[in-house]
Amino acid sequence: MAFSMSFFISFILVSINSGYDHIFLSTWLKTWSQAFICAFFGAYFFPRVIQQMMRRINFVEKPPIIEKD
């Protein structure tokens, strides 16, 4: 997931910002490698941190409302 998302987003952003010129490929590969490192660590660590935060939250359901006739 980190590979495909960083690949796609970096390609789109580099093509929008610098266009397709003679240095596009080198610029895009440099940007993609940096984006992949960030995306990989984000995809690896963020779910763990969020899971730990969710364990600390006590979810309480509201009692059902019983209607009297």
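Both backbone and side-chain heavy atoms feed into the values below; hydrogens, waters and symmetry mates do not. Numbering starts at 1 and runs along the sequence shown.
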Quiz prompt | Smallest separation among heavy atoms of Ile23 and Thr27, with atom names | solution = O-OG1, 2.8 Å
Quiz item: Can you list the residues that meet the side-chain contact (heavy atoms from CB on, under 4.5 Å) rule with Ile50, with sequence neighbours excluded?
Solution: Met54
Self-check item: Residues that, via side-chain heavy atoms closer than 4.5 angstrom, fall in one hydrophobic cluster with Met53
Solution: Val49
Quiz prompt | ring pair (Phe, Tyr, Trp, His ring centres under 6.0 Å) partners of Tyr20, counting only residues at least two apart | solution = Phe24
Exercise. Mind jotting down which residue pairs meet the side chain to side chain donor-acceptor pair (under 3.5 Å) criterion with at least one end in residues 45-56? Sequence neighbours excluded, please.
Key: Tyr44-Arg48
Donor-acceptor pairs are to be reported for all side-chain atoms of residues 33-40 against protein atoms at under 3.5 Å, with residues two or more places apart or in another chain.
unit_1	atom_1	unit_2	atom_2	d
Ser33	OG	Leu29	O	3.3
Ser33	OG	Lys30	O	2.8

Quiz item: Among the clusters formed by ILVMFWY side chains lying less than 4.5 Å apart, do Ile16 and Leu25 turn up in the same one?
Solution: yes
Quiz item: Is Phe46 isolated, or which residues cluster with it under the ILVMFWY side-chain rule of less than 4.5 Å, directly or via members?
Solution: none
Quiz item: Tell me, which pairs form a side chain to side chain donor-acceptor pair (under 3.5 Å) where one or both residues lie in residues 6-19, sequence neighbours left out?
Solution: Ser6-Trp32, Ser10-Trp28
